[in-house]
Trainee: 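I am attaching a structure below and will ask some questions about it afterwards.
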Amino acid sequence: MKENYQPDEIEKIAQEYWQQNDSFKANIDQNKEKFYCLSMFPYPSGNLHIGHIRNYTISDVIARLQKMQGKNVLHPMGWDAFGLPAENAAIKNKCNPADWTYNNIDTMKGLLKKVGFGYDWNREITTCDPEYYKWEQWFFTKLYEKGLAYKKLSHVNWCPNDKTVLANEQVEDGRCWRCDTKVELKELSQWFIKITAYAEELLADLDTLDDWPEKVKTMQRNWIGKSEGTEVEFIVDSKHEYTNIPNSIKVFTTRVDTLMGVACLAISPEHPISNVLANKHPQIKQFISDCMTTGSSEAELAKLTKKGIATNISVIHPITKASVPLWIANFVLMGYGSGAVMTVPAHDQRDFEFATKYNISFKQVITNTDNTADINDSAFTDLGILCNSGDFNNLTSAEAKQVITSKLTVANLGEKQINYRLRDWGVSRQRHWGVPIPMLYLEDGSIVSVKETELPVNLSQAITHDDSTSSLTIDENWKHTSLNNAKATRETDTFDTFMESSWYYAKYCSTAKEQMLDPKEANYWLPVDQYIGGIEHAVMHLLYARFFHKLLRDTGLVASDEPFKKLLCQGMVVADSYYKLDKDGVKDWISPSLVDKTTCKIKVTGEDVTHAGISKMSKSKNNGVDPKAILEKYGADTLRLYTMFAAPAEQSMEWSENALEGSHRFLRRFYSYAIKNISIKEVPTLDKNNLSTSQREFRRLIHKTIEKVSMDFNQRLSFNTGIAAIMELNNELLKLNCQETNSLVLAREAVITIIKLLAPIAPHISHYLWQKLPNNTTDIINTPWPTFSSEALAQDISKYAIQVNGKLRASIEVSIDLPEEDIKQQAISNPNVNKHINGKAIKRIIFIPNKLINIVI
RNA sequence: GCCCGGGUGGUGGAAUAGGUAGACACAAGGGACUUAAAAUCCCUCGAUCGAAAGAUCGUGCCGGUUCGAUUCCGGCUCCGGGCACCA
């Protein structure tokens, strides 16, 4: 037995043991309760960073804990292997993205094993494997058959210089990240999946997710954005010079009570009418093309200066029959609603600013109860009472919404409508490194899906090493094929990588090769009992996966309605960042490990550096930490313990190597004590009836710790406080005087307890010490989690804080069975309390059992 | 711009249902051991006043509810995440 803690040796021993015994292999066992624990799989960038370590340590702790609690645990891992970085690396290094990706997977897998994560590697998934994406392609063809997949025109960011489509990430300040050219919008025909058909269910089922963070559910509700309102139809005044103008324009509004205050109608620059007008009027054409010189992200569009241009078309107000001018405005989005809005400047701030800028006249039609609402400086946006609204005057906004909607319905010029902010999911990407969309275009113009027997449509092996085009578009052999002897051309776009990550959790459950999922296997394991991942995925990934699960259900592949029962979103890992300015004034980022924090100087050279605050660990700020170096220096258990101890799982975590050393010290202290304790072979049983007060207290602490740690690890997922409790027990254990037999017995009980409590967090040290226990033939991962005895927790004194007018003045200890009145008397007669009562009359005494007494004077 | 979070000692954090603010740890300072260093062990550690007992203040800012607010409500401010083609 090693006297000193040597993590490298004991970690090797434990990891070899798990490997040899295939300890984490998951098999269906109908006699056991199952537990499916999953963390979001990584993109194989080649670097495992501390954020990954944090994510996977959380899931490993939960998985190991559940195993100790007797559950049949599934804890798999895989690789989200398609994506932009591989393409960028392939261009930069003139290599094949597949080679780059598989190399990275090798490196990262080796590291994950070194951290001791208990995965069932038999179920590993790599999304760029045709065996995986074949079924994604198959599923898409099913969606197409059901009418849930369709093509439509949609915008992309276009670099006119590189002649390439850019991802939002590749647009910096409206310019191409490679050549700095101004980005434009370009319209392309693309594939969409009808997520909007499931909007209502995706919204309603959020209420069934009791174990999801409320903030995530709120974000998803807002993203889906259900709003109830009215669709209003404005007839186009036929006195105009154009052909191909529709007879009417429909708008959706949640504030139909303000209909009498409509100042104008605004349509999107991409509205079909805008197109017709552009052909006749150069100014309008110019305006529309100006609107296209922008990126496509919503954040960018929202920050645009609001601008518009008047047209010579007018529409007819559905109630007053007055003429209403038609405008084209850049803030009206074609993708949302009908691409047209009614503007009511008096009661909408954006419309107010628009009307003010272009001198469009408007009137107030809503006021408040005391008629003080004023629209001189800004819009009055509250609900209220109608004014200047003819027959509708004096109705409340709520009444008016009903009355006006029915009036429009009768006139056949409107109806009640529910609208969603959620848009259909555009899945086409003009990229090489993705799943080919399994569709064929025939010469007669028809579109057909690739037959099941022809799947998978493998990626072309040709590589362009050129950013301007996807390899799929230039590989003529790949592109041209045939269907029933007719010439056919393949779809050259690939899927959004969110497609692969929307169903991988289900594929882990099913080992079947001949079908997408084996429902029997899938339904044994699903839904995922605990899902863990970053908060940045709160909306998109988690919404797409929920949507996909419902699609899988409706295809008969799974039985449940939701994929993830319980969700934990962990925070980011952040660190200090430092820089010095080079001679050109460019920031040279210095790794925090080279900097003396207190003096802000580089340790070796003594050069001054500037502290740039605390930010997310990143390459660009050079403040990342390589887990490999930490593993070598301190071992996996220290790294795991520290990442769980440093901050609550949901909050951002600050990296500090000093604090990490503290965690290492704790393991070392416990190890040395445990080794000495374990070397005592024969330990008698506890003589419960002859415990001294301090022995009773220590025994109580052991059981209190079990209670707290079980609660913290299991229910609260508050690992940092659970670890703090284990540390407290260890501190008391080290202070324990073991001269007496009972103390020695209790010390052994404490050692065994700490080994068990620590097993999910620091599994190697626990494995090793457990193996060294005298007369032991079991392993710790299959050992039951400890339970506490309520008899040991019983107390005979109780502590009270005594307040006078809410301020703490004393604290007292009383016998647990002392009556309330006697405790109050003792409180009042306490000298310091008495001093503060100072003879004044006592108005009230608040009594909280076993906690507090507040004397109000 | 819109949606969602967060702000507590020198630092990371604790306070689980409105009830003793600062558990646990880091850093710092003092001491023991040592030829010395490392390691280890012991003590101090929110601010101000005080010899002490104790007192006053203190959880981003302003206000409210309450016997009592880090916790609930209203308003602000700063920081972070997301915004549909980064994953």
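Proteins get letters first, then strands, A, B, ... in listed order; numbering begins at 1 in each.
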Trainee: For the pair made of CD in A:E214 and P in B:rC4, what is the distance, rounded to whole Å?
Mentor: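 Taking CD of A:E214 and P of B:rC4, I get 12 Å after rounding.
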Trainee: Pick the nucleotide of RNA chain B nearest each of A:V856 and A:L660; which residue has the one closer to the 5' end?
Mentor: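 The residue closer to the strand's 5' end, by nearest nucleotide, is A:L660.
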Trainee: Could you tell me how far B:rU11 sits from B:rG63 if I compare only their P atoms? Round to whole Å.
Mentor: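 About 25 Å, rounded to a whole number of Å.
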Trainee: Which of these nucleotides, B:rC24, B:rU11, B:rU20, is closest to any side-chain atom of A:E654?
Mentor: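 Selected nucleotide (nearest to the side chain): B:rU11.
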Trainee: Grab the CG-C1' distance between A:L808 and B:rA55 for me, whole Å please.
Mentor: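 Whole-Å distance recorded here is 13 Å.
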Trainee: P atom, B:rC2 versus B:rC72: distance in rounded Å?
Mentor: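 To the nearest whole Å, 24 Å.
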Trainee: Between the side chain of A:T127 and the main-chain N/O of A:A81, is any donor-acceptor distance below 3.5 Å?
Mentor: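 Yes, the answer is positive, given that a donor and an acceptor are paired below the 3.5 Å cut-off.
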Trainee: Does the side chain of A:K851 get closer than 4.0 angstrom to OP1 or OP2 of B:rG68 through an N or O atom?
Mentor: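 False: A:K851 side-chain N/O out of range (4.0 Å or more) of B:rG68 OP1/OP2.
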Trainee: Let's test your reading of the model: under 3.5 Å, does the base of B:rU16 pair with the side chain of A:K708 as donor and acceptor?
Mentor: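 Between B:rU16 and A:K708, which were checked side chain against base, a qualifying N/O pair under 3.5 Å is present.
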Trainee: Could you tell me whether A:R350 contacts a base, only the sugar-phosphate backbone, or nothing, with contacts defined as non-hydrogen atoms closer than 4.0 Å?
Mentor: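 Here A:R350 touches no strand at all.
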Trainee: Taking A:K306 for the side chain and A:F331 for the main chain, is one N or O donor matched with an acceptor at less than 3.5 Å?
Mentor: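 Between the backbone of A:F331 and the side chain of A:K306 there is no qualifying donor-acceptor contact (under 3.5 Å).
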Trainee: Return the value, rounded to whole Å, for the distance between atom CD1 of A:I848 and atom C1' of B:rU20.
Mentor: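 Spelled out: CD1 on A:I848 to C1' on B:rU20 is 13 Å.
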Trainee: Please tell me if A:N222 has a side-chain N or O lying less than 4.0 Å from either OP1 or OP2 of B:rC4.
Mentor: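 Result: yes.
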Trainee: With distance as the sole criterion, is a donor-acceptor pair present between the side chains of A:S501 and A:D80 under 3.5 Å?
Mentor: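 The criterion, which ignores hydrogens and geometry beyond distance, is not satisfied for A:D80 and A:S501.
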Trainee: Determine yes or no for a side-chain-to-main-chain donor-acceptor pair under 3.5 angstrom, with A:N834 supplying the side chain and A:I828 the backbone.
Mentor: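 The answer is yes, because a donor-acceptor pair under 3.5 Å joins these two groups.
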Trainee: Is the NZ atom of A:K799 crowded by more than 12 outside heavy atoms at less than 6.0 Å?
Mentor: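 No - once you tally the heavy atoms of other residues, nucleotides and ligands closer than 6.0 Å, there are 12 at most.
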Trainee: Which one, B:rA25, B:rA21, B:rG5, comes nearest to the side chain of A:K215?
Mentor: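 Looking only at heavy atoms from C-beta outward on A:K215, the closest nucleotide is B:rG5.
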Trainee: Which nucleotide in the list B:rC57, B:rU20, B:rG13 gets nearest to the side chain of A:Q651?
Mentor: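 Taking heavy atoms from C-beta onward, the closest nucleotide is B:rG13.
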Trainee: Which whole number of Å gives the distance between the C1' atom of B:rG60 and that of B:rG7?
Mentor: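 Going atom to atom, C1' in each nucleotide, I get 6 Å.
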Trainee: Whole angstroms only, please: what is the CD-P distance between A:Q570 and B:rG6?
Mentor: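 My rounded result for the distance is 17 Å.
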Trainee: With a sphere of 6.0 Å drawn around CG of A:N838, does it hold more than 12 non-hydrogen atoms of other residues, nucleotides or ligands?
Mentor: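 Buried by this count: over 12 neighbours within 6.0 Å.
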Trainee: Kindly indicate whether the side chain of A:S39, heavy atoms from C-beta on, has any atom under 4.5 Å from the side chain of A:F41.
Mentor: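 They are not in contact (no side-chain heavy atoms under 4.5 Å apart), so the answer is no.
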Trainee: At under 4.0 Å between heavy atoms, what does A:K807 touch on the DNA or RNA strands: base, sugar-phosphate, or nothing?
Mentor: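 Answer is sugar-phosphate: A:K807 comes under 4.0 Å of backbone atoms only.
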Trainee: Does A:S811 reach a base, just sugar-phosphate, or nothing at all? Heavy atoms under 4.0 Å.
Mentor: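 Here A:S811 touches no strand at all.
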Trainee: I want to check something: taking the side chain as every heavy atom from C-beta on, are A:Y800 and A:Q826 in contact at a cut-off of under 4.5 Å?
Mentor: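 SC-SC contact between A:Y800 and A:Q826 ruled out.
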Trainee: Nearest to the side chain of A:R668, heavy atoms from C-beta on, is which of B:rU56, B:rC3, B:rA39?
Mentor: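 From the listed options, B:rA39 comes nearest.
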Trainee: Please convert RNA chain B into dot-bracket. A pair counts if it is Watson-Crick or G-U wobble with both distances under 3.5 Å; crossing pairs go in [ ] and bases paired with another strand get |.
Mentor: (((((((..(((......[....))).(((((.......))))).((((....))))..(((((..]....))))))))))))....
Trainee: In whole Å, measure the gap between the C1' atoms of B:rG58 and B:rA47 for me.
Mentor: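 My reading of the C1' atoms in B:rG58 and B:rA47 gives 8 Å.
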Trainee: Mapping A:M711 and A:F645 onto RNA chain B by nearest heavy atom, which one lands closer to the 5' end?
Mentor: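 So the residue in question is A:M711.
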Trainee: In Å, rounded to the nearest 0.5 Å, how long is the span from OH of A:Y531 to CH2 of A:W212?
Mentor: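 These two atoms lie 9.0 Å from each other.
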Trainee: Does A:R640 reach the main-chain N or O of A:I761 with its side chain, forming a donor-acceptor pair under 3.5 Å?
Mentor: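 Such a contact is found between A:R640 side chain and A:I761 backbone.
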Trainee: Would you mind classifying the nucleic acid contact of A:H664 as base, sugar-phosphate or nothing, using non-hydrogen atoms under 4.0 angstrom?
Mentor: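 A:H664: no heavy atom of the nucleic acid under 4.0 Å.
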Trainee: Looking at A:R716, I'd like to know whether one of its side-chain N or O atoms comes within less than 4.0 Å of OP1 or OP2 on B:rA17.
Mentor: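 So the side-chain polar atoms of A:R716 never come under 4.0 Å of the phosphate oxygens OP1 or OP2 of B:rA17.
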Trainee: Rounding to an integer number of angstrom, what distance separates B:rC24 and B:rU35 when you compare their P atoms?
Mentor: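 Going atom to atom, P in each nucleotide, I get 34 Å.
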Trainee: Listed in order of residue number, which residues of residues 723-736 of chain A have a non-hydrogen atom at under 4.0 Å from RNA chain B?
Mentor: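 Going residue by residue through residues 723-736 of chain A, the ones with a heavy atom under 4.0 Å of RNA chain B turn out to be A:A724, A:M727, A:E728, A:N731.
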Trainee: Along nucleotides 74-87 of chain B, 5' to 3', which nucleotides get a B, which get an S, and which get a -, given that the test is a protein heavy-atom distance under 4.0 Å?
Mentor: ------SSSBBBSB
Trainee: Considering only atom C1', compute the distance from B:rC67 to B:rG74 and round it to an integer number of Å.
Mentor: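 Taking atom C1' in both B:rC67 and B:rG74, they lie 23 Å apart.
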Trainee: Could you give the distance separating B:rA39 and B:rA32 at their C1' atoms, to the nearest angstrom?
Mentor: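 Comparing C1' positions in B:rA32 and B:rA39 gives a spacing of 14 Å.
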Trainee: Do the charged groups of A:E214 and A:K217 touch, with an N to O distance under 4.0 Å?
Mentor: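 Salt bridge: yes.
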Trainee: Hey, does the Lys NZ or Arg CZ of A:K152 hover above the aromatic six-ring of A:F192, less than 6.0 Å from the centre and inside 45° of the axis?
Mentor: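 Flagged: A:K152 positioned over aromatic ring of A:F192.
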Trainee: From the options A:T643, A:I53, A:L660, A:T638, select the one residue that forms a side-chain contact (heavy atoms from CB on, under 4.5 Å) with A:I630.
Mentor: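 It is A:L660, the one option of A:T643, A:I53, A:L660, A:T638 that forms the side-chain contact (heavy atoms from CB on, under 4.5 Å) with A:I630.
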Trainee: Could you tell me how far apart A:E661 (CD) and B:rA39 (C1') are, to the nearest whole angstrom?
Mentor: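 Spelled out: CD on A:E661 to C1' on B:rA39 is 12 Å.
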Trainee: Quick check on B:rA14: is either OP1 or OP2 less than 4.0 Å from any side-chain nitrogen or oxygen of A:N720?
Mentor: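 Yes, A:N720 has a side-chain N/O under 4.0 Å of OP1/OP2 on B:rA14.
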Trainee: Would you mind reading off the distance between A:F719 atom CZ and B:rU16 atom P, rounded to a whole angstrom?
Mentor: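 So the two atoms are 18 Å apart, to the nearest Å.
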Trainee: Do A:W503 and A:Y132 pass the ring pair (Phe, Tyr, Trp, His ring centres under 6.0 Å) test, and can you show the C-alpha distance, the side-chain angles, and the key distance before you say yes or no?
Mentor: CA-CA 10 Å; A:W503 69 287; A:Y132 180 78; 4.3 Å; yes
Trainee: For B:rG9, decide between syn and anti, treating a glycosidic angle within 90° of 0 as syn.
Mentor: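 Nucleotide B:rG9 adopts syn.
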Trainee: Can you check the A:Y642 OH to B:rC26 P distance for me, whole Å?
Mentor: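 My rounded result for the distance is 11 Å.
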Trainee: Using whole Å, what does the distance between atom C1' of nucleotide B:rU40 and atom CZ of A:F670 come to?
Mentor: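 These atoms are roughly 18 Å apart.
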Trainee: For B:rG10 and B:rC61, measure between their P atoms and round to the nearest Å.
Mentor: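 Roughly 14 Å separates the two P atoms.
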Trainee: Are any of the side-chain heavy atoms of A:D424 and A:Y150 separated by less than 4.5 Å?
Mentor: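 When only atoms from C-beta onward are counted, A:Y150 and A:D424 do touch, with a gap below 4.5 Å.
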Trainee: Please determine whether a side-chain nitrogen or oxygen atom of A:R809 lies at a distance below 4.0 Å from atom OP1 or OP2 of B:rG54.
Mentor: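 No, no such contact exists.
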